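Following: one structure in structure tokens, then a few remarks.
Every number for a ligand or one of its atoms is a count from 1 in the order of the listing. This structure is a prediction, so every number in the text was calculated from the model and none was measured.
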Amino acid sequence: MSIKENYQTIKNQLPDPIQLVAVSKTHPVSAIEEVYGFGQRVFGENKVQELMEKSPLLPKDIQWHLIGHLQTNKVKYIAPFIDTIQSVDSEKLLAEINKEAGKNNRVINVLLQVKIAAEDTKFGLEIQEAKHIFQQYLEGKFPHIEMTGLMGMATFTDDEQQVTQEFLTLKELFDELNQLKPLKTLSMGMSDDFPIAIECGANSVRVGSAIFGRRDYSK
Ligand SMILES: *Cc1c(COP(=O)(O)O)cnc(C)c1O
């Protein structure tokens, strides 16, 4: 299928209020331009360097989301333009984003990335850590941050029950924090599991290969 058909197929599966983050990592600027042409404005990348190479070549009204692990020493490069950092996995990183956002006179949207997968290869906060950081945020420690929600990745498995359990764990935390301060975004689900994520309450999904095709890491 073409990128256009893929994009339509995905859009048709997303009920209206659900945000699509088109994950363009490893794909060329030309492919992003094509999807931009269909009206898509929110794109996700997972590496700072790749984002820095591509973003200047693309329209200014793209809302860039960083979805990959971010080192504190790289925050300064993206702070001038990044819309949302979905992968905040430590208080130290949050403090750095707050500082760099301040230097740029901006407020940066962030999601706390929570570890919900049984696999322990993935980055992310433990639930208790996420609650602690959220409390610090509520106390006003990060004035240049808008904490818009939570992000999580389920285990890479065919076991739908397990994936469902993991997503529901994050939904429960989302509901709990949402009572303390209204949150906008629950980012869960990728190409293979976004329908399950939506059933579990996701209102933002991060879809890459189902739009752009398989990633070729050999290049
Ligand atoms: C690559 C990536 C995605 C998209 O994965 P696909 O399976 O290609 O849809 C989503 N979220 C994160 C954090 C990623 O790194």
- Task: Starting from the C-alpha separation in whole Å, work towards a yes-or-no answer on side-chain contact (heavy atoms from CB on, under 4.5 Å) for Leu112 and Tyr137.
- Result: CA-CA 11 Å; Leu112 295 180; Tyr137 168 70; over 6 Å; no
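Within the listing of ligand 1, atoms 13 (C) sit less than 4.0 angstrom from a heavy atom of Met153. Applying the 4.0 Å criterion to heavy atoms of Lys25 picks out, from ligand 1, the atoms 1 (C), 2 (C), 3 (C), 14 (C), 15 (O). Under a 4.0 Å criterion applied to the non-hydrogen atoms of Val207, ligand 1 contributes the atoms 9 (O). Close approach to Arg206 involves these atoms of ligand 1, each under 4.0 Å from a residue heavy atom: 4 (C), 9 (O), 10 (C), 11 (N), 12 (C), 13 (C).
Remark: Glu160 pairs with no residue by the salt bridge (charged side-chain N to carboxylate O under 4.0 Å, His left out) rule, at least two apart or across chains.
Residue contact annotation: Ile67 has a non-hydrogen atom under 4.0 Å from ligand 1.
Taking only non-hydrogen atoms, the option from Ser191, Gly68, Ser24 nearest to atom 9 (O) of ligand 1 is Ser191.
Remark: ligand 1 and Gly208 share an N or O pair separated by less than 3.5 Å (distance only, no angle test). Where the criterion is an N or O separation shorter than 3.5 Å, residue side chain and backbone included, Ser209 meets it with respect to ligand 1.
Of the options Lys54, Glu50, Gln40, Glu45, a side chain to side chain donor-acceptor pair (under 3.5 Å) to Ser24 is made by Glu45 and by none of the others.
Under the side chain to side chain donor-acceptor pair (under 3.5 Å) criterion, the residue pairs touching residues 72-81 are Gln71-Lys74, with sequence neighbours excluded.
Residue Gln136 places its CD atom among more than 12 non-hydrogen atoms of other residues, nucleotides or ligands, all under 6.0 Å distant.
With salt bridges taken as basic N to acidic carboxylate O contacts below 4.0 Å, one links Lys131 and Glu176.
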